[in-house]
Structure formats: C-alpha cells, structure tokens
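One structure is given here, and the rest of the page talks about it.
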Amino acid sequence: MTESHDDKDDHHQDELGHASSYYVILEEAIRVLLIEKGVFTAQEVETQIDGMDSRSPAVGSMIVAKAWTNPDFKAWLLRDAVEAVSSVGVDMNNQPDLVVLENTAEIHHVVVCTLCSCYPRAVLGVPPAWYKGREYRSRVVVDPRGVLEEFGTYLSDAINVRVIDQTADRRFLVLPSRPEFTDGWSADQLEALITRNSMIGTAIPLTPAQLKAETATQS
Amino acid sequence: MTGVHDIGGQDAGPIDLSDHALSSFDQRVDAMLMLLVHPNRGAFRVDALRRAIESYRQQDYDSLSYYERWLGAVRKLVVEQDILSEEEIAAKIAELKAQKVGG
C-alpha cells in the first residue's frame with residue numbers, strides 16, 4: 001500500500017528539526033530507486049554533497065573584499081555581477097541571475113525571500129536556518145529595523161532601509177560599506193571583517209576593533 | 001487569496017538566530033533536488049518544485065521541516081513525471097524496512 005498523506009502526524013520531525021524516521025526512509029527509497037533507474041549515480045550524489053562546501057560565505061567575502069580594494073571590479077560587479085564573479089572563478093553556469101546591491105551612507109539593503117528561501121547560493125552557499133524560517137520571512141518586510149535590532153544591528157534613522165524580496169530567477173547579494181579605520185588593509189585582511197549576515201544585510205561588517213576582540217576570545 | 005507560503009507581512013515571533021548545520025538527511029535531499037533540476041537531467045524545473053511546495057496543506061506546510069517539504073515535493077514530482085510510481089516507492093520502503101529489521 002502507498003503511504004497516505006493523512007497519516008503524517010505519526011512522523012513529524014522532532015523539536016530540533018531532525019527528519020522523522022518516515023522521511024529518512026522515504027529519502028533513501030527515492031534515492032535508491034533513482035540510482036537504479038540511472039537518473040543519477042551514487043557517485044554524483046556524493047560529488048554534489050561535497051560540492052556544497054565549495055560554495056560558502058567565503059566566496060562572497062572574497063568578492064566584497066575585491067570590490068572594496070578595486071574600483072574597476074566594483075563598477076563591474078554593480079553593472080554585471082554574473083560576469084564579474086565569473087571572472088574570479090565562481091561557476092555561474094545553470095545559476096540564476098545575480099545582482100549586487102551597494103550599501104551607502106544613505107541606503108542600507110536587506111534581502112529576504114518571503115515566499116520560500118531563494119538566496120544567492122552561488123556566492124553564499126546554502127541559507128542559514130533563520131533565513132528559511134517563518135519569523136524572518138514574515139516580519140522583515142514590515143519591521144526591518146526591529147528585525148535588524150534582533151540581530152544586534154542598529155542603524156541611524158538617517159539611513160534609508162530597503163528590503164529586497166528575492167525571486168527564483170534573480171538573486172541579490174548585498175555589498176556592505178567598508179568599515180572605517182581599514183585604510184591600507186589588503187583584500188585578504190578585509191575578508192575577515194565580512195560576515196555572511198553583512199552580505200544578507202541583517203548585519204554590517206565587523207569593525208577592526210570587533211575583529212580583534214573576536215580573535216582574542218577564540219585564542 | 002494567498003497561499004500557505006505567502007507569509008510576508010504576517011505577525012510572527014522572535015527569530016531563532018542559532019545556526020544549525022545541515023544534517024546528512026538535509027544534504028542528501030538538497031543534492032538529489034539539485035541533480036534532478038540540472039538541465040542535463042531536467043526531471044522537472046524549480047518552478048515545478050515551487051508549485052509542489054506551495055500546494056501543501058497548511059498543517060503539513062507548518063509541521064514539516066524545510067527539507068521534508070522538499071522531499072515530499074520531489075516525491076510528488078517524480079511520480080507526476082512518470083519517473084517513479086507510488087507502488088515502486090512503497091515497495092522500496094517496505095524492502096528497506098525489512099532489511100533494517102533483519103539487521
């Protein structure tokens with residue numbers, strides 16, 4: 001017999017969001033069948049999982065740091081992000097369009113996917129759990145400043161906050177403003193200041209003092 | 001009329017900022033979906049995945065985890081596209097369960 005869709009109450013995920021045993025076995029069944037039918041191979045599944053690690057916020061940080069230190073690259077990035085990021089080795093084949101939004105002293109951008117979880121995966125990897133959750137998706141569009149405060153981000157009233165809703169076909173990456181007191185820093189040094197959330201817009205980059213404090217606690 | 005997924009602007013509680021890494025289940029579902037929608041295979045498109053996810057009933061949309069929703073949608077779409085049948089899936093689930101009991 002096929003599993004009825006009305007008996008799901010027996011196999012909800014637990015409170016930590018771990019998949020229920022029903023879904024774990026369903027995943028295995030579908031994967032094994034698709035491998036048996038030659039839709040894909042077990043090796044391709046493994047390769048795909050390994051490849052997930054190659055797309056991470058480190059890619060975004062590298063791009064932002066390059067934009068901060070190279071005005072020509074920054075202009076290119078804002079004009080044609082797909083071409084610009086491809087030029088530094090990001091594989092944009094079969095990826096949705098990418099647009100970069102520049103934060104300035106007047107405008108702060110924050111991105112969301114109210115309908116689901118569209119995210120600039122090509123340059124940031126998979127989205128964090130909160131990005132996919134009901135609370136962020138529901139609230140950031142009506143109370144962006146309140147939401148940013150929950151992330152510990154307090155913006156001056158003089159800054160205009162723009163919330164951008166992602167689409168399936170076009171993804172947005174935030175280019176945060178370069179922090180003060182970083183004159184003369186190399187792109188490599190700057191990368192350490194560029195957090196994932198600063199490229200989503202729920203945070204701003206670390207200051208040199210914050211980086212120093214963070215490094216001190218870790219060692 | 002808005003669908004179950006169309007939640008922008010609704011009231012909701014505080015945001016859980018904790019970062020949890022994807023489980024191996026999450027990773028496998030993610031990988032399977034990416035392989036299926038890749039143009040080399042073209043089992044279905046992301047738009048079809050969206051339709052499947054957006055057509056969940058409210059109680060399922062709310063109670064399933066993110067990747068459980070994806071997996072349920074993949075199941076619906078591979079059946080719709082005649083890649084797998086519900087009977088094959090049920091038989092494979094029974095076979096896997098029997099293997100696990102048998103150790």
Side-chain angles (χ1 to χ4, degrees), chain A residues 1-3 5 8-9 11-13 16-20 22-34 36-37 39-40 44-49 51-52 93-94 96 112 114-117 126 128-130 132-142 147 150-152 165 168-169 202, chain B residues 3 5-20 22-32 34-39 41 43 46-47 50 53-54 57 59-60 62-68 71-72 74-75 78 83-84 86-93 95-97 100:
Chain A
M1 274 307 296
T2 56
E3 287 277 351
H5 284 270
K8 284 207 185 97
D9 287 342
H11 28 66
H12 283 170
Q13 83 276 15
L16 294 171
H18 295 140
S20 69
Y22 170 74
Y23 278 87
V24 169
I25 206 156
L26 177 64
E27 184 280 322
E28 188 177 356
I30 293 177
R31 174 164 42 88
V32 169
L33 284 167
L34 291 174
E36 285 173 4
K37 301 222 171 209
V39 176
F40 47 63
E44 284 173 321
V45 176
E46 289 306 311
T47 306
Q48 183 71 32
I49 290 172
M52 287 173 80
N93 286 315
N94 302 311
V112 61
T114 59
L115 298 180
C116 188
S117 56
V126 293
W130 56 260
K132 304 180 287 190
R134 168 174 293 277
E135 294 76 16
Y136 180 74
R137 289 165 50 198
S138 296
R139 292 176 44 220
V140 73
V141 287
V142 280
V147 166
E150 282 182 40
F151 283 87
D165 205 349
D169 301 322
T202 52
Chain B
H5 62 291
D6 194 359
I7 61 175
Q10 291 184 1
D11 287 336
I15 296 157
D16 176 0
L17 297 180
S18 56
D19 258 325
H20 15 106
L22 298 188
S23 68
S24 54
F25 167 83
D26 296 342
Q27 289 185 327
R28 286 196 301 268
V29 174
D30 195 286
M32 192 151 64
M34 294 300 153
L35 290 171
L36 286 168
V37 300
H38 192 281
R41 293 173 200 84
V46 171
D47 310 71
R50 286 188 60 186
I53 289 176
E54 293 170 8
R57 296 180 314 177
Q59 66 194 81
D60 293 332
D62 291 341
S63 63
L64 298 174
S65 77
Y66 179 77
Y67 281 106
E68 287 174 345
L71 180 62
V74 165
R75 175 216 199 122
V78 292
I83 299 168
L84 302 180
E86 281 291 356
E87 290 70 26
E88 284 174 309
I89 295 171
K92 184 59 80 180
I93 287 174
E95 183 189 321
L96 293 170
K97 277 183 177 164
K100 289 181 205 308

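Here is how names work: the chains are called A, B, and so on, in the same order as the sequence lines, proteins then strands, and each is numbered from 1.
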| query | Where does A:Glu46 contact chain B at under 4.5 Å (heavy atoms): side chain, backbone, both or neither? | reply |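 Neither part.
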| Can you say whether A:Val126 sits under 4.5 Å from chain B via the side chain, the backbone, both, or neither, judging by heavy atoms? |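 Contact with chain B involves the side chain of A:Val126 alone.
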Would you compute the distance between atom [atom1] of [X] and atom [atom2] of [Y] and round it to the nearest 0.5 angstrom?
X        : Y       : atom1 : atom2 : value
A:Phe40  : B:Leu36 : CZ    : CG    : 5.0 Å
A:Trp130 : B:His20 : CH2   : NE2   : 12.5 Å
A:Leu26  : B:Glu68 : CG    : CD    : 9.5 Å

Would you check if [X] and [Y] make a side-chain contact, meaning some heavy-atom pair closer than 4.5 Å?
X        : Y        : result
B:Arg28  : A:Ile49  : yes
A:Lys132 : B:Tyr67  : yes
B:Arg41  : A:Glu44  : yes
B:Glu88  : A:Glu36  : no
A:Glu28  : B:Lys100 : yes
A:Arg134 : B:Ile7   : yes
B:Val29  : A:Tyr23  : no

| task | Heavy atoms only, distances under 4.5 angstrom: which of A:Val32, A:Val141, A:Thr47, A:Leu34 has the most pairs with chain B? Name it, please. | result |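 Most heavy-atom pairs under 4.5 Å with chain B: A:Leu34.
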| query | Under a 4.5 Å heavy-atom cutoff, which of A:Asn94, A:Val142, A:Val147, A:Val140 has the most pairs with chain B? | reply |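 With the most close heavy-atom pairs to chain B, the winner is A:Asn94.
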Determine the option with the most heavy-atom pairs under 4.5 angstrom with chain A, choosing from [options].
options                            : result
B:Asp47, B:Asp11, B:Val37, B:Leu22 : B:Leu22
B:Leu35, B:Ile89, B:Asp19          : B:Leu35
B:Ala91, B:Ala31, B:Ala43          : B:Ala31

| Stepwise, does the side-chain contact (heavy atoms from CB on, under 4.5 Å) test hold for B:Ile15 with A:Arg139? | CA-CA 9 Å; B:Ile15 296 157; A:Arg139 292 176 44 220; 4.0 Å; yes
| query | Donor-acceptor pair, B:Arg75 side chain versus A:Ile30 backbone, under 3.5 Å? | reply |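 Pair absent, no side-chain N/O of B:Arg75 close to backbone of A:Ile30.
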| Donor-acceptor pair, side chain of A:Glu27 and main chain of B:Phe25, under 3.5 angstrom |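 Between the backbone of B:Phe25 and the side chain of A:Glu27 there is no qualifying donor-acceptor contact (under 3.5 Å).
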| Where does B:Asp16 contact chain A at under 4.5 Å (heavy atoms): side chain, backbone, both or neither? |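 Contact with chain A: backbone only.
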| request: Specify the closest pair of heavy atoms between B:Ala12 and A:Ser138, including all atoms of both residues, with the distance to one decimal. | output: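 Here B:Ala12 and A:Ser138 meet closest at CB-CB, 4.0 Å.
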